[in-house]
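Worksheet for the structure shown next.
Reminder, nothing fancy here: chain letters follow the sequence lines and each chain counts from 1. What you see below is based on every heavy atom in this structure, not just the backbone, and it leaves out hydrogens, waters and symmetry mates.
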Amino acid sequence: MITRTKYNPKEVEPKWQKRWEEEQLYHAPDNSPKPKFYHLVMFPYPSGDLHMGHWYNYSPFDAYGRFMRMQGYNVMQPIGFDAFGLPAENAAIKRGVQARTWTLANIDNMRKQLRMMGAGWDWEREVVTCLPDYYKWTEWLFLQFYKHGLAYRTKAPANWCPGCNTTLANEQVLPDGTCERCGSIVERREIDQWLLKITAYAEELLNFDEIDWPEKTITMQRNWIGRSEGAEIRFSAEIEGKREEIPVFTTRPDTIYGATFFVLAPEHPWVEKITTPEQRAAVEAYIDQARRMTEIERMSTEKEKTGVFTGGYVTNPVNGAQVPVWIADYVLMGYGAGAIMGVPAHDQRDFEFARKFNIPIIEVIRPTGEEPGNTDTWTEAHVVHDGIMVNSGTFNGTPTDEAIAKVTRYLEEQGVGKFMVTYRLRDWLISRQRYWGAPIPIVYCPEHGTVPVPEEQLPVWLPDNVQFKSTGESPLRYEPEFVNTTCPICGGPATREADTMDTFICSSWYFLRYADPHNSEQAWSMEEMTRWLPVDQYVGGAEHAVMHLLYARFFVKALRDMGYLNFNEPFKRLYHQGMVLGADGQKMSKSRGNVEAPDKYVDKYGTDTVRCYMMFIGPFDQGGSFKPDNLEGIWRFLNRFWSLVNDTWVPGRVSEEETPESRAIERLRHKTIQRVTEDLANFRFNTALAALMEANNAMIKQQHEPVARTAAYRRMLETMIQLLAPMAPHITEEMWHLTGHSNSIHTSEWPIYDEALAKDEIFTLVVQVNGKVRERIEVPATISESEVRALALTNPRVATFIGESTVQKVIYVPGRLINIVVRK
RNA sequence: GGGCGGUUGCUGAAAUUGGUAGACAGGACGGACUUAGGAUCCGUUGGUGAUGAACCAUGAGAGUUCGAGUCUCUCACCGCCCACCA
C-alpha cells in the first residue's frame, strides 16, 4: 500500500523561497565565467499592491529568465521601484501622510508580494528612484545634459486649471479638455520650464538597425519622430518701413504658385507685427479664445476651421503676389515654422479654410492628361502626387517627380528658400510643478543668473515635509529651507529651482544603475557597463512604446556622446506583454466591478498554479481574460504530476532493460524537450505547458504498466520536472529533491534533445484524393515513396474514390500525406 | 482620417508556417467510487445525418493552388495606438 503525500503549496512554497534567498540563488555575480544575460522587466510604480497585471507580466518573464539560467547563462534579473510621481503626492495632500512614508510603506508591501511570487529577483541590485542614493545621480545626469547644451530653459505651455489654480499633468486633463478634479476648462499658460534637447537626436533615433523590436513599436517611434522632407520658403513683408522675411515649411514647394493665403499660428511672434490696427481687436479675441482651448480640443479633426484676417499681407517670393495673412489654430506653433502658405487647391485643410473664408483657389498641379479644372466646382482638395505643374510661370509642364527638387533648387538660387527636414518630435519638457520628484539642481542668482549646483554638493535634498498650496507652483517654492540658498559662484543669496523632474527621467537610466547599484562615487562605472549592458531582453507594456522607450534610447545616445557609455542602444530585444482583462473580457476597472486581486487565488492554489495559469491563458503578447474557473485545470495538472512522481519514486527494482515501450517513452522524452525548449525560446508558454500536460497524460496512462518500472520511465519524469521548473519553480524544486538530487533544479542543466531520437518510428499517412482526406494508414517512418504510392493506390477505400477516373498526378509529402489527383 | 493587430466549437485556445482543423485546458452532460462531494477516476462533447456512409464548417465573398485557418484582392465587424504635422 502506497501512502500518497498530498501536494501542499503552503508548505512547499515558503520553504523553498526561504532557501533560495539564503543561498542567494538569484544573485547574478559580477565575476561569473558564464555568458551574461541581462533580463529586464519594466519596474513597477509602488502603488501598494501587486495586481493581476503584474502577475501576468512577471510570471512568464521570470519563467524565461529561469529557462536562460538553466541553459547556462549568468542571468541578471533585477527589480526596483519607480517611486516618484503624482499618486504619492496626492496621498500626501488628501490623507496628510508624508509622500516618502507612504511610498516606502507601499514598497515594503510590494517587496513581500514580489517574494511570494517566487520569482528570481536579484534583490542585491534593487533601486528605488525616490531615495537620495538614486536621485543624487538623476540630478547629476541633469547637470551633464546641462553642461553639454542638451538642457535649456524657456517659456513653454503648461496645462492650467483656473479652478484648482494649478498646473496639471496631461493625464489629469480629461479627453473633453476639463480638469479631472473640478471640471473647469483647462487652459494653456506659458511658464518658464526646462527641456531636454531630444530633437538633436531625431535623426539617429530613426535608426533601428541594432535592435530587435516589434515592428509595431518601431513604426510608432518612427511616426512619433515624424521626419518630413521639404523646403523652407521665406515670404517677406514691409514692417515699419523695413523689409523682413518670414519662413514657412512645406513638403510641397512645387505648389507655391497656388499659395493664395498665409496662416500664422496664434502664438506666432509675427502676429503682433503684422496685424493692422483695424483688425487688432478681432485678432486678440481669437488668440484669447485659442489659449483657452487645450491641445486636445485644438487638434480635433472634426472641428470646423476657424481663423481671423490680420489685415496684413506678405509677398510670395516666386511671383511677387501679395498674399493675405490670417491666423488660425489649425496651424501649430510647435511644428515646422509655425506658419504656412495656404495652397487650397492641393491641401484639404487649406481647402476647407479657403472655402469658409472665400479665398481664391488656384489649381497648380494637374494630373497627367486631365483637362483644366474649374476649382469652383471642387468639393475637396486635389492632392496630386503624379501630375504636372500649371499656372506656375516658367515651371509649367514640370512633372511632379522632378518639380519638388527643381523648385527647391530655384528657391535656393534666388536666396529665398532651402531644402529642409522637419520632425514632429518636440523637445522633452521635463519641469513638473510638483513636490514628489527629483529636484532640478539649479540655482538662480541675481548676480550670476542660472547657475548649476556643483556636483560635489549633490544631492539637492528633497525635504520630507512640505506645505501644499494651490498656487500652481511647486510646493517646494514655499519651503524657505529648500528654496533659499547661496550662489555657488559668489556666495550671495540665491534661490533654488523649485520644480522637479518628470519621472520619465528616473526611468530613463534605472537599467544602468542595476549594473552598479551600490556605487557611491559614480552613477555607474564603465567596467560594469561593459560587463552588463546593453539589456539583452526587455519586457514591458506596449503603452510605453513611445515615451519611455524613446527617452531611454535618447539618454543612452546622449550619454555615449558625453563619454559615459560605450554602446548605442539600451535594449537589444524587446517584448510587449498583452493585457489581462476581467472575466467579462473588459479592461479591469473599479467602475465595471470586474477587478480581481490575485492574492486570494495564490492563497487557495499557491503561487505555482497562479503563475502557470497566467501563462496558460494564451499567447503572452495577446493578453486575455482572467477566469478563476480555469485555474482548476492547472491545479489538477500539478497535482496529477505530483502524485505520479510520488507514486513512481517508491523503493523497488528499476529495470535498465529496453523494450518497445521504453523506447517509445524515450522518444516522447526527446520530443517533449524539443517542444518545450522551442516554445520557451519563443515566448510560447501556453503551448509549452500543453506539451507537458500531454506528456503527463501519456505517463499516467502507463503508470501501472511494467514500463513504469524502467529507467526510461523515471528518466522521463525527471526531465519533465526540469522542463516544468521555469514555470512552476517551487513544486519542481520539491520533486527534484524527492527524486534524489541535492542541487537546486534551477541551477541544473537544461535537458538536451536529439532531433533524430524525437522522430516517431511510425506515422499516420494521410491519403487524399483530389485534396480530400480519404484514408489514414499507419506506416513505418522509413517507408519509401514508391511503397507509399503502391500502398495508397491499392487501398480498397481509396480505390472506390478513384473509381473509373484516370490518375493524373500524385503529390507526395514525405512523412505526411499523399494526394492522388484524378480526372474523370 | 492614418497605422498596426485581430475575427477558429459553449469558452480560453492549438495547428509542424501551404499539407489530418479544433492539440491542451475550462465548462456542460453521462457514469464509477462514496454517508457525502465543490475531491478523484472513466466516457461523450463543431454542425447536419442514425451511432454508418457522406456532406458542411476557421467573420462574408472571390482568386491562386493538387491542396488555403495560413498566400492575394474586396467587404464587414472588434481592439489598440496616432490623429489639422503643412
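A:N8 is linked by a side chain to side chain contact (heavy atoms under 4.5 Å, CB included) to A:K10, A:E11, counting only residues two or more places apart in sequence or in another chain. Annotation: side chain to side chain contact (heavy atoms under 4.5 Å, CB included) contacts of A:R774 (sequence neighbours excluded): A:V769, A:K772, A:F801. With sequence neighbours left out, the side chain to side chain donor-acceptor pair (under 3.5 Å) criterion links A:K604 to no other residue. The side chain to side chain contact (heavy atoms under 4.5 Å, CB included) check on A:L631 picks up A:Y601, A:Y605, A:T609, A:V610, A:Y613, A:F626, with sequence neighbours excluded. With sequence neighbours excluded, the residues that form a side chain to side chain donor-acceptor pair (under 3.5 Å) with A:D427 are A:Y152, A:T199. By the side chain to side chain donor-acceptor pair (under 3.5 Å) test, A:E778 is found to be paired with A:T764, residues two or more places apart in sequence or in another chain being considered.
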Pull out every protein N or O sitting under 3.5 Å from an N or O of nucleotides 15-22 of chain B, one pair per line with the distance.
from	atom 1	to	atom 2	distance (Å)
B:U16	O2	A:R816	NH2	2.4
B:U16	N3	A:R816	NH1	2.9
B:U16	N3	A:R816	NH2	2.7
B:U16	O4	A:R816	NH1	3.4
B:G19	N2	A:Q768	OE1	3.4
B:U20	O2	A:R776	NE	2.6
B:U20	O2	A:R776	NH2	3.3

Identify the pairs formed between an N or O of the protein and an N or O of nucleotides 52-59 of chain B at a distance under 3.5 Å, and give each distance.
from	atom 1	to	atom 2	distance (Å)
B:A54	OP1	A:R797	NH2	3.4
B:C55	OP1	A:R774	NH1	3.4
B:C55	OP1	A:R774	NH2	3.1
B:C55	OP2	A:R774	NH1	3.3
B:C56	OP2	A:K772	NZ	3.1

Between the protein and nucleotides 43-46 of chain B, which nitrogen or oxygen pairs are less than 3.5 angstrom apart?
none

Polar atom pairs (N or O), protein with nucleotides 26-29 of chain B, under 3.5 Å:
from	atom 1	to	atom 2	distance (Å)
B:G26	OP1	A:R636	NH1	2.6
B:G26	O2'	A:N630	OD1	2.5

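Here the nucleotide nearest the side chain of A:T250, chosen from B:A86, B:C4, B:C84, is B:A86. Closest to the side chain of A:L332, out of B:A86, B:A13, B:G12, is B:A86. The side chain of A:R424 approaches B:C85 more closely than any other nucleotide in the set B:A25, B:C85, B:U11.
Look at B:G49: its glycosidic torsion is within 90° of 0, and that puts it in the syn range.
Distance check on atom C1': B:A68 versus B:U58 gives 11 Å, rounded to whole Å. The separation of B:C77 from B:U8, taken at their C1' atoms, amounts to 16 Å, rounded to a whole angstrom. Across the C1' atoms, B:G9 and B:G5 are found 24 Å apart, a figure rounded to whole Å.
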What side-chain donor-acceptor pairs closer than 3.5 Å can you find for residues 667-677 of chain A, not counting sequence neighbours?
from	atom 1	to	atom 2	distance (Å)
A:R667	NH1	A:E761	OE2	3.2
A:R669	NE	A:E666	OE1	3.1
A:R669	NH1	A:T719	OG1	2.8
A:R669	NH2	A:E666	OE2	3.2
A:H670	ND1	A:D754	N	3.0
A:H670	NE2	A:E666	OE2	3.1
A:K671	NZ	A:D760	OD1	3.4
A:K671	NZ	A:D760	OD2	3.0
A:T672	OG1	A:L668	O	2.7
A:Q674	NE2	A:E678	OE2	3.3
A:R675	NH1	A:E694	OE1	3.4
A:R675	NH2	A:E694	OE2	3.2
A:T677	OG1	A:I673	O	2.6
A:T677	OG1	A:W750	NE1	3.0

Indicate every side-chain donor-acceptor pair of residues 246-264 of chain A with a distance under 3.5 Å to a residue at least two apart or in another chain.
from	atom 1	to	atom 2	distance (Å)
A:T250	OG1	A:R252	N	2.9
A:R252	NE	A:D254	OD1	3.0
A:R252	NE	A:D254	OD2	3.4
A:R252	NH1	A:V384	O	3.0
A:R252	NH2	A:D254	OD2	3.0
A:R252	NH2	A:V384	O	2.9
A:T255	OG1	A:R252	O	2.8
A:T260	OG1	A:P360	O	2.8

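When Watson-Crick and G-U wobble pairs are counted only if both distances are under 3.5 Å, B:A76 pairs with B:U7.
Between A:Y330 and A:F353, the ring-plane angle classifies as tilted under the 30° and 60° cut-offs.
Summary of the strand contacts: A:M693 and A:G618 both lie near RNA chain B, and taking for each the nucleotide with the nearest heavy atom, the more 5' one is attributed to A:G618.
Using a 4.0 Å heavy-atom criterion, one finds that A:N686 contacts the sugar-phosphate atoms exclusively. Nucleic acid contact for A:D350: none, since no nucleic acid atom lies under 4.0 Å from a heavy atom of the residue.
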